[in-house]
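Read the structure below first, then the notes.
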Amino acid sequence: MRKLLLASAAAILCATGLQAEVKVGMITTLSGGGAGLGIDVRDGFMLAIAQSGRDDIEVVIEDDQRKPDVAVQLADKMIQAEKVDVMTGIIWSNLAMAVVPSATAQGKFYLSPNAGPSALAGKGCHENYFNVAWQNDNLHEAAGAYANTASYKNSFILAPNYPAGKDALTGYKRMYEGGLAGEIFTELGQTDYAAEIAQIRASGADSVFFFLPGGMGISFLKQYADSGIDLPVVGPAFSFDQGILQAVGEAAMGVVNTSQWNKDLDNPTNAAFVETFQAEYGRLPSLYASQGFDTANLLISALEVAEPGDKAAFRTALKAANFDSTRGAFAFGDNHHPVQNIYAREVVKEGDVFTNKIIGVALENHADAYAGDCAF
Amino acid sequence: MSTILIIEQVLNGLQFGVMLFLMAAGLTLIFGVMGLINLAHGSLYMIGAFVAAAVAGLTGSFLLAIAAAMAAAAVAGVLVEMLVIRRLYAADHLDQVLATFALILIFSEGTRWVFGSFPLFLDIPSEISGPVTLPGGIEYPLYRLVLIGIGLAVAATLGWLITKTRIGIRIRAGENDREMIAALGVDISKLYTAIFALGAALAGLAGALVGAIQSVQVGMGEPVLILAFVVIVIGGIGSIKGALIGSILVGLTDTLGGIFLPELFKLFMAPAAAQSAGASLASMAIYILMGAVLIWRPTGLFGARAA
Amino acid sequence: MIPEKLLNLVVLALLLAVPYWASLNDAPFTITLATRATIFALAAVGLNIALGMGGMVSLGHALFFGIGGYTMGILAFHAQSFTPLIDGPMVIEGTKSMPVIWAVAMGVSALAALVIGALSLRTAGVYFIMITLAFGQMLFFFTISWSSYGGEDGLSIFLRNEFPGLDTLVPFNFFALCYGLLVLVILFNARFARSPFGLALNAARQSPDRVRAVGLNPQRLKLVAFVISGTITGLAGALFADLNRFVSPTMFSWQTSGEIMVFVILGGVARLCGPVVGAVAFVMLEHFLGGLSEFWHIYLGLLLLLIVLFARGGLVGLVARRGAAHD
Amino acid sequence: MTDAVLATKGLSKSFGALKATDDVTLDLRPGEIHAVIGPNGAGKSTLIDQICGGLTPDAGSVTFLGRDVTGRSVPARARMGLARSFQISQLAMEDTVLQNTLLGAVGAVGSPWRFLWPVVKNRRLRARADAALAQVGLTPHAAKRVSELSHGQRRLLEVAIALTLRPKAFVMDEPMAGLGAEGSKALTEFLDRLRAEAPILLVEHDMDAVFALADRISVLVYGRIIETGTVDAIRASDAVRAAYLGADR
């Protein structure tokens with residue numbers, strides 16, 4: 001199966017002789033420290049394309065190295081040289097902000113498999129921009145909502161000192177009704193959290209909320225576990241996805257995190273996805289992989305109905321979101337961002353592998369706070 | 001803010017500092033003796049962490065992992081020295097910067113090629129995990145105390161090595177006069193390789209020790225590298241004593257700056273703005289410290305040699 | 001081996017001819033690549049004045065590149081959002097006019113270079129390398145948390161800025177502007193190298209004692225060269241921001257400083273067109289190797305190593321002999 | 001004393017416990033060559049550095065053209081017309097002979113802040129440099145790189161650069177060092193003519209040259225001047241004999 005898929009993907013990539021009808025440009029992070037996320041999105045996306053059996057979709061994949069200027073250059077290449085119809089793939093909000101406004105202004109459709117900056121959900125929304133993952137605040141809001149149900153009264157909250165970090169704390173506070181024991185902005189890329197952990201210990205908090213994506217979260221959790229503090233921790237799924245959970249190890253056990261997806265979500269699409277992804281790539285899928293998979297299926301569902309050349313029809317087809325999502329029910333709000341359930345998950349160990357288990361719904365049919373500002 | 005919290009933060013700064021020292025000591029030796037500016041030192045740190053994670057995963061032994069990390073980093077260091085660096089001793093700093101910049105690219109992507117794109121797992125052995133209670137009722141992670149101990153022990157050993165032993169005399173002689181020690185019949189190229197291996201092993205040790213409480217991932221070496229450079233520049237290039245004092249200064253500035261600057265700003269600003277402005281200033285604090293030291297003493301605190 | 005002058009002409013002619021061909025054959029991305037190379041070349045020509053002529057190994061030139069970029073970003077951001085840059089008794093508006101943006105970018109970069117140069121030139125050698133790096137890092141961390149202008153997200157400018165009498169949205173037109181500036185700066189550089197100042201600066205690098213003994217202050221010569229160098233790199237930053245219609249703190253990162261240095265050394269230090277050759281080669285490598293393998297940085301690293309170890313004069317040194325030293 | 005072009009008074013400089021110069025008082029009068037001799041380590045280089053401004057004395061003063069210049073920098077003294085040559089050639093090795101000489105002219109005219117016009121096309125600078133080269137006889141080598149010159153030619157180039165400053169006084173640090181007998185002889189003859197241009201403070205090891213050229217000689221031993229006088233007086237001095245023979249043994 002693996003060989004077969006690679007062969008077909010290669011055939012698609014090379015587009016040998018056969019005239020592809022639809023060209024998709026994927027700009028994502030495939031090298032450097034953040035490559036794991038991009039690779040998951042790409043693999044999920046390509047799995048869905050292969051499963052659809054359509055050989056008229058050509059996917060051009062490029063590595064943005066997580067550098068905004070490289071992403072912009074690649075976007076120019078996709079639009080000017082490859083003349084793609086649809087773009088997708090970007091992981092990071094700052095790269096999305098660099099690429100998406102100009103791509104949509106040039107008449108391209110953009111389907112976001114991960115980043116959902118607030119600017120693109122509110123005033124800066126665009127009719128050709130569809131977010132298939134979440135608005136950035138969503139998972140933090142869900143964490144705030146979960147904190148209420150767990151009756152936390154005095155949270156200590158921390159995030160890196162950059163826009164997404166500030167959005168995270170805003171998102172948590174939007175839903176959370178208790179008081180704050182402390183609020184800290186850490187340095188972006190910080191690796192040692194001893195100082196912050198000491199402050200948490202001294203603050204008299206009853207819970208901790210943190211948003212520290214990637215390696216920062218791994219470092220924080222390991223050090224937090226070692227500090228002997230046993231306040232409950234809650235955070236968005238980014239620090240607990242399948243890719244990095246193994247690197248955190250025991251330290252993550254029992255932590256509650258919020259996600260719009262989990263591998264035990266009970267629907268047939270998801271069960272098939274988890275099984276085929278694992279068979280194909282030899283690892284469990286992460287939420288990024290599920291987002292890539294859903295993005296591709298959304299695209300395919302729209303292509304069944306309309307051509308990207310017919311913009312109005314294609315847009316309507318995308319808006320309908322008439323595909324089987326790994327998340328079960330899936331719908332777009334008026335600003336083309338998802339309206340979806342967000343779950344609380346708990347980190348558990350299955351055999352030797354650390355993974356997540358759904359423990360409840362944190363927010364039901366949740367849209368984002370910026371939709372009202374959006375007018376196409 | 002309580003006294004206990006302040007003491008705990010000072011310990012944190014100290015621990016951060018001694019880990020920086022392990023990196024800075026190698027850098028400053030290599031610069032002091034061979035006049036080489038090695039940007040790829042961070043890659044050796046990364047190699048240490050990755051090898052430690054891989055060996056710990058295979059054998060389950062943390063001690064074995066650390067030994068393997070030091071050995072692997074030393075071997076990588078020797079290889080690099082013999083294949084590349086050796087040709088650069090006579091070259092100017094510019095060539096050295098570029099060549100070792102190239103080595104970073106090769107090491108980073110090479111590591112990703114071998115170990116994949118996902119972070120690796122490396123944990124503290126259970127015997128030394130968890131907190132202990134210090135006199136005065138401070139709860140502090142045992143592992144961090146161990147790190148402080150190891151760091152200070154390495155510093156003491158290096159000090160002894162440099163001032164009291166034969167090889168140390170040669171190293172100091174090499175700093176002062178290369179021709180002279182060659183004339184005395186010391187095989188200078190072996191001495192250089194040995195120093196490079198020592199520096200690399202210390203970087204590997206730091207990578208393995210820190211890897212246990214941080215994320216073992218590609219690119220983890222560069223931020224530490226830059227901090228280590230800040231350290232040796234503050235301390236004065238070539239001086240082990242300078243590296244130790246510089247490390248602790250940087251460790252304390254970084255840790256305490258992050259805590260106290262926002263508090264300070266809260267005295268005259270709205271809390272949210274103060275938090276953000278204080279954090280911004282804190283992230284620049286060590287660079288401001290370094291700039292100030294260099295403007296005050298252009299060759300660092302203990303630097304004699306105008307490089 | 002061919003004379004360096006001839007090589008310079010060939011390089012500059014090719015850099016113009018390829019995008020011109022592309023504009024006739026509707027290959028806009030080739031023009032984008034050429035523009036990128038041109039702007040990188042401009043930044044590197046700036047660094048080359050400090051590095052090649054003045055012997056100042058600055059690992060902080062990303063700072064000027066970033067300042068140029070943010071000058072453009074901030075001015076254009078205020079212009080597109082119709083908010084004044086400075087409010088109060090004296091209102092300063094943003095602008096979308098390239099010449100104004102360039103002038104401001106150069107002015108701000110020059111000022112920054114003056115302050116940073118004056119402080120950094122108290123040190124020498126590795127200390128100089130590190131203190132320039134430190135200044136770059138300060139601004140990098142500052143812009144990451146500077147939320148009024150997007151912080152780490154950066155700033156997007158929706159439309160390219162305007163140049164009187166030219167439609168800058170046409171890719172070739174914008175390329176031509178950048179190319180024109182590059183040629184101007186190279187011409188300036190060529191004359192500058194032979195001027196009394198260039199002569200004195202060259203001597204200040206090789207033998208500061210001699211320069212002092214004839215009554216000149218080598219530190220002051222170097223400082224002026226550093227300011228000129230930073231100003232040119234700042235201009236390149238403003239153009240780069242306009243090419244991408246986007247600025248972010250990445251422009252300030254030390255890797256950017258390293259890359260600008262790579263352009264210079266790859267091409268050939270202190271060669272007039274060395275930075276141009278280096279930048280073009282880098283952009284082409286990035287484009288073609290990047291398509292070949294996701295681990296292309298390994299090949300790039302190996303190539304750089306080979307250049308440093310076996311081709312000290314860079315690419316220009318491989319094909320051209322140095323022009324007669326005095327004419 | 002008042003008519004001295006260059007004079008030092010009580011110059012002292014210590015490095016730790018070592019007194020490199022100790023209460024050195026000497027002067028240089030118009031038209032003369034005043035030689036300073038002394039065994040190795042006598043403090044000659046330290047003395048020159050203090051006279052030219054590279055080192056600040058711990059005590060004492062330097063007077064040049066009747067003005068106290070003790071606090072002035074090297075470039076400031078050079079601009080007043082104090083020209084020096086170095087013991088180890090300080091030349092821009094990658095540049096040509098003409099370029100090196102032009103550097104002197106640029107410094108002499110005091111305006112390096114011209115960025116656009118080629119220095120070789122500047123008539124004023126060019127005339128100065130050409131004249132200086134002609135004076136030392138290096139005109140045929142003007143287009144050579146310094147790295148291609150012989151040792152003796154580099155010495156002459158040092159002098160040529162000094163000449164472009166139209167100096168009021170020369171300070172020369174061992175100009176004969178490393179020259180063969182032939183070269184020394186030629187340079188000796190040249191310096192003999194040069195004193196008409198400006199007086200020379202000649203720090204030199206080569207005794208033949210010193211005895212042939214000097215109007216007066218000062219003997220520096222362990223940082224102190226033990227004797228100053230005419231050639232004959234120095235030849236006859238017991239103190240000098242003792243110091244030299246003592247030092248050499």
Side-chain angles (χ1 to χ4, degrees), chain A residues 29-40 66 160-161 165-166 169 180 182-199 201-203 212 214-229 242-251 283 286 354, chain B residues 1-2 4-9 11-13 15-16 19 53 108-109 112 116-124 126 128-132 138-144 210 212-220 222-224 251 254-259 262 271-272 275-276 278-280 282-283:
Chain A
T29 305
L30 300 172
S31 67
L37 285 68
I39 289 171
D40 270 358
R66 200 178 173 173
N161 191 22
K166 290 174 184 167
L169 298 193
L180 290 181
E183 181 173 358
I184 289 190
F185 288 111
T186 61
E187 195 175 304
L188 190 67
Q190 185 171 325
T191 50
D192 198 300
Y193 294 91
E196 288 75 11
I197 290 168
Q199 279 177 289
R201 193 200 303 273
S203 70
L212 295 164
M216 293 184 279
I218 300 178
S219 301
F220 175 78
L221 280 170
K222 282 163 102 170
Q223 293 162 23
Y224 184 80
D226 190 42
S227 73
I229 305 177
Q242 209 57 45
I244 65 172
L245 208 42
Q246 313 315 315
V248 184
E250 288 288 342
R283 62 177 195 268
S286 66
F354 293 96
Chain B
M1 194 162 290
S2 69
I4 288 190
L5 183 61
I6 292 173
I7 294 173
E8 191 174 349
Q9 300 296 22
L11 278 176
N12 287 332
Q15 180 263 320
F16 184 38
M19 283 301 107
S108 290
E109 288 307 279
R112 204 166 68 81
S117 300
F118 297 96
L120 260 55
F121 172 70
L122 177 64
D123 203 1
I124 307 166
S126 53
I128 48 173
S129 71
V132 289
I138 304 168
E139 274 201 53
Y140 199 73
L142 177 59
Y143 186 72
R144 286 183 188 266
V210 172
I213 50 171
Q214 290 182 5
S215 165
V216 178
Q217 60 181 5
V218 171
M220 65 189 284
E222 274 92 89
V224 186
D254 196 54
T255 306
L256 299 182
I259 310 297
Q275 181 56 248
S276 170
S280 307
S283 63

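Labels below follow one simple rule: chain letters A, B, ... track the order of the sequence lines, proteins then strands, and each chain is numbered from 1. These figures come from a predicted structure and were not determined experimentally.
When side chains are defined from C-beta on, B:I259 counts as touching A:Q199, because their heavy atoms get closer than 4.5 Å. Residues A:N161 and B:S280 have side chains in contact (heavy-atom distance under 4.5 Å, counting atoms from C-beta outward). For the pair B:R144/A:D192, a side-chain contact is recorded, criterion being any heavy-atom separation below 4.5 Å from C-beta on.
Judged by distance alone, with hydrogens and angles left aside, the side-chain atoms of A:D226 form a donor-acceptor pair with the main-chain N or O of B:G130 at under 3.5 Å. In this structure, the side chain of B:S215 does not engage the main chain of A:M216 through any donor-acceptor pair within 3.5 Å.
Residue contact with chain B, scored on non-hydrogen atoms closer than 4.5 Å, involves the backbone and the side chain of A:A198 alike. For B:A53, no part sits under 4.5 Å from any heavy atom of chain A, backbone or side chain. When heavy atoms are compared at a cutoff of 4.5 Å, B:L120 approaches chain A solely by way of its backbone atoms N, CA, C and O. B:E8 touches chain A through its side chain: at least one heavy atom from C-beta onward sits under 4.5 Å away, while N, CA, C and O do not. For a residue to count as touching a neighbouring chain, one of its non-hydrogen atoms must lie under 4.5 Å from one of that chain's; by this rule B:S108 does not touch chain A. Only the backbone of A:L30 has a heavy atom closer than 4.5 Å to any heavy atom of chain B. Neither the backbone nor the side chain of B:P223 comes within contact range of chain A, judged by heavy atoms closer than 4.5 Å.
Taking A:G215, A:A251, A:G228 one by one and counting their heavy-atom pairs under 4.5 Å with chain B, the maximum is reached by A:G215. The candidate with the highest count of non-hydrogen atom pairs below 4.5 Å against chain A, out of B:Y143, B:Y140, B:F121, is B:F121.
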message: What verdict does the side chain to side chain contact (heavy atoms under 4.5 Å, CB included) test give for A:K222 and B:I124, after you've listed the backbone C-alpha separation in whole Å, the side-chain angles of each residue and the deciding distance to 0.1 Å?
response: CA-CA 9 Å; A:K222 282 163 102 170; B:I124 307 166; over 6 Å; no
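Checking A:T191 against B:Q214 by side-chain atom types alone, a donor-acceptor pair falls below 3.5 Å.
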